[in-house]
Peer 1: 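This is the structure I want to talk about, given as structure tokens.
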Amino acid sequence: MNYRFHGGVHPRENKDRTMDLPLAKAEPPPFVAISFSQHIGKPATPLVKPGERILRGQMIAEQTGYVSAAAHASISGIARGVVQVRHPLGFLVDALKIENDGLDEWDPAVKIERDVDALSPGEIRKIVQGAGIVGMGGATFPSHVKLSPPPEKKIDTLILNGAECEPYLTADDVLMREFPEEILRGAELFKKAIGAGRAIVGLEDNKPRAAAALKAAADRLGSGIEIAQLPVRYPQGAEKQLIYALLGRETPSGGLPMDAGVLVHNVASAYSGYEACAFGYPLTERVVTVTGPGIGKPANLWVRIGAMAGQLLDQCGFDPAATRKLIVGGPMMGLAMRDLEWSVVKGTNGILALDDPAAYCHRACIRCGRCIEGCPAGLLPCILSNYGESDRLAEAEEYNARDCFECGVCAYVCPSKRPIVQWIRMEKAEINRKKQMEVK
Ligand code: SF4
Ligand code: SF4
């Protein structure tokens with residue numbers, strides 16, 4: 001255990017303002033706008049009509065097809081119809097607006113206590129599916145799909161991802177410190193669902209209290225789940241890098257973790273899986289780190305899904321004058337937002353108000369090779385970005401552009417401050433779009 005993956009960097013961590021803070025609850029939002037597209041796959045289909053009384057936990061949109069996820073009300077109140085909000089990925093999406101009645105009344109149909117040890121693998125997958133759980137590290141892939149690998153793929157190991165290698169973010173750290181038993185019980189359920197013999201929680205060694213809490217919980221539960229501390233190195237939390245670091249296994253180019261006999265789930269998804277299996281709670285809130293120089297009261301908060309960014313930032317002492325860039329997620333892989341008219345989704349792990357964004361100025365490449373040395377995927381980012389800039393998609397594909405997982409290391413190390421990852425992201429989107437057109 002503890003193999004060193006190729007490339008990577010060690011950016012300044014900047015976690016100090018929130019890493020010692022306990023988990024707190026965000027103020028109740030006056031309304032929420034719950035997006036029907038907060039996961040990878042088809043948008044969920046709305047189930048409620050304007051004017052209807054809604055209870056917390058009630059399914060407000062059902063999954064559409066297999067790769068999709070249901071959405072549930074995160075407050076009780078009155079449905080005010082479908083509105084458009086900006087998704088953190090930048091595009092406009094449909095969302096159900098619910099006005100808060102302040103009662104926080106749960107739907108009695110969803111609160112059911114169960115003996116989790118008696119659940120079969122199929123029952124676990126079904127509950128996770130019904131609870132709308134997705135990858136909460138930011139990827140938002142529906143968890144029930146991940147828990148259903150094809151029978152020909154033999155999975156021997158479940159990895160829980162608690163690396164949280166992005167600077168600033170401490171949401172997973174505080175969740176692991178405060179809810180280690182729930183996370184490990186979730187891991188046991190996921191392990192059972194996929195029939196794996198082994199489970200490991202991987203986290204960076206800048207979270208010693210989380211590691212200690214998990215180890216103590218594993219002892220209390222008599223669980224055989226291993227807790228592995230890894231050196232701090234970005235992107236330790238990327239799936240392929242985490243698998244290599246923990247098991248020394250390479251995931252093939254264009255392949256998935258299951259091709260290496262592994263499934264990776266985020267620690268927050270395991271927590272939510274346990275809450276759904278044991279108590280019937282669907283995914284209606286998550287932990288979000290709100291921090292950065294433009295935030296007066298940094299915090300790790302339980303935030304209701306669908307809460308508006310502006311209302312959340314106001315309670316954290318947001319200072320627009322001290323903010324040059326607002327980012328959803330971490331500074332390496334997160335996305336800049338142009339305004340506050342967007343709502344928290346299941347993959348929102350952090351909101352950063354930064355005053356020192358990298359100033360990209362499109363200087364010429366000086367062929368220093370740093371991006372190549374740093375790329376954990378073993379790609380040639382300088383060449384790929386040139387292809388993206390000049391729209392040479394066939395060559396980009398030949399150079400495996402689709403293996404880029406947009407970690408941002410290349411842009412971080414580039415002395416010419418070239419927006420390498422943005423160009424590669426655009427060329428990947430264009431390649432995918434053309435492929436989809438070919439299929440149609
Ligand atoms: S963003 Fe893509 S090309 Fe750049 S370092 Fe990461 S994986 Fe490599
Ligand atoms: S790091 Fe920047 S300047 Fe150096 S080779 Fe890569 S793109 Fe060119």
Side-chain angles (χ1 to χ4, degrees), residues 3-12 89-90 135 137-139 141 161 163-169 204 230 232-245 249-257 259-260 264 327-336 347 357-432:
Y3 300 86
R4 189 191 155 111
F5 60 85
H6 171 80
V9 284
H10 190 164
R12 228 177 125 204
L89 283 175
F141 195 77
N161 189 349
E164 201 167 51
C165 57
E166 278 264 14
Y168 288 98
L169 301 183
E204 288 191 326
L230 296 161
V232 175
R233 186 161 187 81
Y234 182 86
Q236 192 75 259
E239 285 192 338
K240 292 180 181 179
Q241 281 59 39
L242 189 60
I243 293 168
Y244 185 76
R249 292 186 201 168
E250 302 249 13
T251 309
S253 167
L256 295 168
D259 297 311
V264 183
I327 291 180
V328 193
M332 301 293 284
M333 289 188 81
L335 293 165
Y360 295 128
C361 52
H362 297 250
R363 286 203 304 269
C365 169
I366 56 169
R367 297 179 181 268
C368 66
R370 284 192 207 170
C371 57
I372 299 170
E373 280 165 34
C375 176
L379 301 172
L380 302 173
C382 47
I383 293 176
L384 284 174
S385 62
N386 280 342
Y387 288 154
E389 195 181 5
S390 51
D391 212 21
R392 289 157 67 189
L393 298 183
E395 284 124 311
E397 208 179 343
E398 219 173 283
Y399 277 73
N400 299 319
R402 294 210 292 173
D403 277 349
C404 167
F405 58 99
E406 303 173 17
C407 67
V409 166
C410 48
Y412 177 80
V413 296
C414 177
S416 293
K417 298 287 174 215
R418 292 172 65 73
I420 307 173
V421 67
Q422 285 84 345
W423 279 321
I424 299 178
R425 191 177 281 149
M426 280 192 294
E427 81 194 1
K428 276 175 62 189
E430 196 52 24
I431 290 170
N432 286 338

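Read the numbers this way: they start at 1 and go in the same order the structure lists the ligands and their atoms. All values reported here derive from a predicted model rather than from experimental measurement.
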Peer 1: Pull out every atom of ligand 2 sitting under 4.0 Å from any heavy atom of Ile420, numbered as shown with elements.
Peer 2: 7 (S)
Peer 1: Taking the side chain as every heavy atom from C-beta outward, state whether Arg418 and Glu389 have any pair of such atoms under 4.5 Å apart.
Peer 2: yes
Peer 1: Surrounding CD of Glu250 (heavy atoms of other residues, nucleotides or ligands, distance under 6.0 Å), is the total greater than 12?
Peer 2: no
Peer 1: Taking atom CG of Leu384 and atom CD1 of Ile372, what is their separation to the nearest 0.5 Å?
Peer 2: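 Between Leu384 CG and Ile372 CD1, I get 9.5 Å after rounding to 0.5 Å.
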Peer 1: For ligand 2, which atoms, with element, lie under 4.0 Å from some heavy atom of Cys365?
Peer 2: 3 (S), 5 (S), 7 (S), 8 (Fe)
Peer 1: Under the ring pair (Phe, Tyr, Trp, His ring centres under 6.0 Å) test, which residues partner Phe5, sequence neighbours left out?
Peer 2: none
Peer 1: With atom 7 (S) of ligand 2 as the reference point, say which of Cys382, Ala411, Pro415, Gly369 has the nearest heavy atom.
Peer 2: Cys382
Peer 1: Among all protein non-hydrogen atoms, which one is nearest to atom 3 (S) of ligand 2, and what is the separation to 0.1 Å?
Peer 2: Ile366 N, 3.4 Å
Peer 1: Please list, chain by chain and in numerical order, all residues satisfying side chain to side chain contact (heavy atoms under 4.5 Å, CB included) with His10, sequence neighbours excluded.
Peer 2: Glu13, Val232
Peer 1: Counting non-hydrogen protein atoms only, what is the nearest one to atom 4 (Fe) of ligand 2? Give residue, atom name and distance.
Peer 2: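 Here the nearest protein heavy atom works out to Cys368 SG, 2.3 Å.
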Peer 1: Tell me whether Arg233 is salt-bridged to Glu204, with the criterion being a basic N under 4.0 Å from an acidic carboxylate O.
Peer 2: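 So Arg233 does not pair with Glu204 through a salt bridge.
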Peer 1: Using side-chain heavy atoms (C-beta onward) and a distance below 4.5 Å, is Met333 in contact with Tyr234?
Peer 2: yes
Peer 1: Give the residue, atom name and distance (to 0.1 Å) of the protein heavy atom nearest atom 6 (Fe) of ligand 2.
Peer 2: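 I find the closest protein heavy atom is Cys371 SG, 2.4 Å.
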Peer 1: With the threshold set at 4.0 Å, does a side-chain nitrogen-carboxylate oxygen contact exist between Glu395 and Arg392?
Peer 2: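 Looking at Arg392 together with Glu395, the answer is yes, because their closest N to O distance falls below 4.0 Å.
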Peer 1: For atom 6 (Fe) of ligand 1, how many protein N, O or S atoms come closer than 2.8 Å?
Peer 2: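 The number of such protein atoms is 1.
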Peer 1: Is the closest heavy atom of Val413 to ligand 2 under 4.0 Å?
Peer 2: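 Per 4.0 Å heavy-atom rule, Val413 does not contact ligand 2.
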Peer 1: Tell me, please, which residues at least two apart from Asp259 pass side chain to side chain contact (heavy atoms under 4.5 Å, CB included).
Peer 2: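 Here the qualifying residues are Lys153, Pro252, Leu256.
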Peer 1: Write out the residue and atom name of the closest protein heavy atom to atom 2 (Fe) of ligand 2, then the distance separating them to 0.1 Å.
Peer 2: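 Answer for atom 2 (Fe) of ligand 2: Cys414 SG, 2.4 Å.
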Peer 1: If you count heavy atoms of other groups shown closer than 6.0 angstrom to OH of Tyr399, is the number above 12?
Peer 2: no
